[in-house]
Amino acid sequence: MARLTSLLASATAWLALFGLASCTTTKTKSLPSLFDATIDDLERGLSQGLFTSVDLVNAYEARIAQVNPILRAVNELNPDALDIAAELDALRASGTTLGPLHGIPILIKDNIATADKMNNTAGSYALLGAKVPRDSTMAAKLRQAGAIILGKANLSQWANYRSSNSSSGWSAIGGQATGAYYPNEDPGGSSSGSGVAASIGLALGTLGTETSGSIISPAQKGNLVGIKPTVGLTSRYLVIPISSHQDTTGPMARTVKDAAIILQAIAGVDKYDNYTSAIPNNGVIPDYVAALNKSALSGARIGIPYNAFSVNSSATEMAAFWDAVKIMQDAGVIIVESNFTVASPNTSTIVLGADFVSDLAAYLAELSYNPNDVHSLADVLAYTQSDPRESYPDRNTARWDAALALGYNNTDPRFWAELQNNYYDGGEGGLLGAIERNSLDAVILPTSQAAGRAAIVGAPIITVPLGFYPVTWNVTTNARGLVQQGPNVPFGLSFLGGLWTEERLISLAYAFEQKTLVRERGPKPYILPNVDLEDFVD
Ligand SMILES: *[C@@H]1O[C@H](CO)[C@@H](O)[C@H](O)[C@H]1NC(C)=O
Ligand SMILES: *[C@@H]1O[C@H](CO)[C@@H](O)[C@H](O)[C@H]1NC(C)=O
Ligand SMILES: *[C@@H]1O[C@H](CO)[C@@H](O)[C@H](O)[C@H]1NC(C)=O
Ligand SMILES: *[C@@H]1O[C@H](CO)[C@@H](O)[C@H](O)[C@H]1NC(C)=O
Ligand SMILES: *[C@@H]1O[C@H](CO)[C@@H](O)[C@H](O)[C@H]1NC(C)=O
Ligand SMILES: *[C@@H]1O[C@H](CO)[C@@H](O)[C@H](O)[C@H]1NC(C)=O
Ligand SMILES: *[C@@H]1O[C@H](CO)[C@@H](O)[C@H](O)[C@H]1NC(C)=O
Ligand SMILES: *[C@@H]1O[C@H](CO)[C@@H](O)[C@H](O)[C@H]1NC(C)=O
Ligand SMILES: *[C@@H]1O[C@H](CO)[C@@H](O)[C@H](O)[C@H]1NC(C)=O
Ligand SMILES: CC(=O)N[C@H]1CO[C@H](CO)[C@@H](O)[C@@H]1O
């Protein structure tokens, strides 16, 4: 308890130092609070002329400026954001809106490239100043939908594919990101800044990327909804990769509806990423917003793989999970015991390592300007080990050392053998087999153990808020002092599905969210900006 008190005291000191409000600040005007505003709220205010997108950009930038010295959620701002907002305001005034995100500010992870003044670094100085020939497809689609790309969010460097002793949310360029629910909270990773930013309204929503857990983990730590789409539903073109077989890009937002709207905008076939050619129904994307159905739990068949629970979730998380099962049963869900036939999958680093060797080289070959002349993993390793800003060897390069030690890339037969093992363990022996055999709509797991099985077969996951550690909880920290479990730290519930079943997962997640309203009923962050939209509107 002494430790808790001193941590809270230091939080208070930080708040005083930076002149921030605690979450008890109440605003009296009728403008939406950016902490919990939805796309509908912003769209309504914009179309009624209560505020403009320029106001939104000013307000979000001011909020970022207030908290970023502590939370380090944002690596850089888009210097053109105000000009873009003004153009979108003018278009709206003339009666034109580009799409469902017209004039809505979105932050994207600093591994999703834009062909503008912003950098795309994966948090590494090796790529600072590098240029791409055009926007990534994710950035292009956001712009087509009318979004304002507000800036680049911090991340676990290289999407957590560099080191065995780094920390979630640390990058050389952005420093250590921390979560907003407890001082020095581990933000989860690797889309750490995307999670922190969405959790306290530094943008309406954000994009993250996931190879195994990198959207759902920071989403749960930020009391958020995160959608990890089927690999291939969203293009990876000009996204700094780990693995073409496992990487995917998806939305992080405060509500299922907002995440669904953003997913709608970014999903689709892209000639630059052939995995998107596997999207069913000739590439026609379902109407995810129309799928929102408060009654969707009724009659749904949801599986629980009892024999596959890992040690990753504490008793607190498991208790909340079983409470959620009860809530679902009361709502008409048919819970089906759906054990995996392979209870403990082989864990191999070969697929990711060999993919990274190939896929990183392919990304680097796309650069139109490559200031540090890095063309391969070996080049990036040499750069990283020699630039002191990269904190080597304190943060080692163990994952790269192991990938290079393979001596082959993803064209080698030994890679294909491992890939087939993965497909079996996640497929027939795991998630996809359980869904097939039991005619399931979805499998549920605590988010802290949901990533792995879906990752190895490219299957989708949605995490929604489930609960919080109690205020009496004794803080536990990791080797770098980040709080793993502590008072008010959020955790989530994951719905895992078969390939391309996002529409169904969204409907189930929405029904659960609407029934439980965990996010709004739960504790608020320990830190929030005290500037809001009303400070920027005449
Ligand atoms: C990108 O990095 C370059 C090189 O350090 C820097 O001059 C520039 O300001 C950065 N861009 C932004 C938008 O911060
Ligand atoms: C994409 O192209 C790669 C390399 O040519 C190939 O191995 C893979 O099967 C293709 N994927 C799809 C979904 O077409
Ligand atoms: C919502 O879900 C319920 C339960 O599955 C179903 O009966 C109903 O038709 C759905 N409504 C819509 C509009 O799809
Ligand atoms: C599923 O796994 C659990 C936990 O290992 C076990 O108790 C149960 O008997 C299994 N069920 C079936 C049908 O095999
Ligand atoms: C992958 O390995 C093959 C066979 O050694 C080689 O021809 C190819 O250039 C390698 N590709 C990359 C990107 O390293
Ligand atoms: C990380 O690992 C490297 C060796 O791989 C070691 O030199 C360094 O001290 C470690 N850092 C920490 C904080 O454990
Ligand atoms: C696990 O790996 C071993 C050795 O590579 C392999 O023989 C076995 O088939 C794998 N098991 C599964 C279920 O993938
Ligand atoms: C469980 O935790 C371990 C160690 O932190 C991690 O390697 C593994 O991926 C996690 N499993 C899942 C399914 O998330
Ligand atoms: C916290 O730690 C103290 C001292 O070790 C112990 O007495 C107490 O039971 C712990 N509280 C919880 C909620 O675990
Ligand atoms: C936008 C912003 O605040 N960027 C900061 C991110 O963190 C780095 C490292 O602390 C700063 O140099 C940037 O100014």
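Side chains included, hydrogens not; waters and symmetry mates left out as well; all remaining heavy atoms used. Please read all numbers here as calculations on a predicted model, not as lab measurements. Just so you know, residue 1 is the first one in the sequence shown, and it goes up from there. We count ligands from 1, going down the list as the structure has it; atoms in each ligand are counted the same way.
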### Task
Measure from atom 9 (O) of ligand 6 to the protein's non-hydrogen atoms and state whether any distance is below 4.0 Å.
no
### 4.0 Å protein heavy-atom contact status of atom 14 (O) of ligand 3, strictly under
yes
### Message
Looking at ligand 3, is there an atom of it that comes within less than 4.0 Å of some heavy atom belonging to Gly299?
### Response
no
### Task
Using a strict 4.0 Å cut-off to heavy atoms of Ser298, name the atoms of ligand 3 that fall inside it.
4 (C), 5 (O)
### Task
Any chance you could lay out the salt bridge (Lys or Arg N to Asp or Glu O under 4.0 Å) test for Lys257 and Asp40, step after step, and finish with the verdict?
CA-CA 9 Å; Lys257 183 173 185 183; Asp40 285 345; 2.7 Å; yes
### Query
Just wondering, do Pro305 and Val443 contact through their side chains at under 4.5 Å, heavy atoms?
yes
### Query
Are any of the side-chain heavy atoms of Ile461 and Leu445 separated by less than 4.5 Å?
no
#### Entry: Euclidean distance, Tyr423 OH relative to Trp416 CH2, rounded to 0.5 Å
6.5 Å
## Note on the structure
In this structure, CG of Asn438 is separated from CD of Glu337 (nearest 0.5 Å) by 9.0 Å
#### Entry: Heavy-atom pair with the smallest gap, counting every atom of His375 and Leu364
C-CD1, 3.5 Å
### Summary
Shortest non-hydrogen pair, Val231 vs Gln246, comes out as CG2-O, 3.4 Å
### Task
Between Asp401, Asp394, Asn165, flag the one that comes closest to atom 1 (C) of ligand 6 by a heavy atom.
Asn165
Among all protein heavy atoms, pick the one closest to [atom] and tell me residue, atom and distance.
| atom | value |
| --- | --- |
| atom 4 (C) of ligand 5 | Thr411 OG1, 4.0 Å |
| atom 6 (C) of ligand 6 | Pro393 O, 3.9 Å |
| atom 5 (O) of ligand 5 | Asn409 ND2, 4.9 Å |
| atom 12 (C) of ligand 3 | Asn293 ND2, 3.4 Å |

### Query
Is there a heavy atom in Arg395 that sits closer than 4.0 Å to ligand 6?
no
#### Entry: Atom indices of ligand 6 within 4.0 angstrom of Arg480 heavy atoms, with elements
11 (N), 12 (C), 13 (C)
### Summary
The side-chain contact (heavy atoms from CB on, under 4.5 Å) partner of Val333 among Ile302, Ile444, Leu508 is Ile302
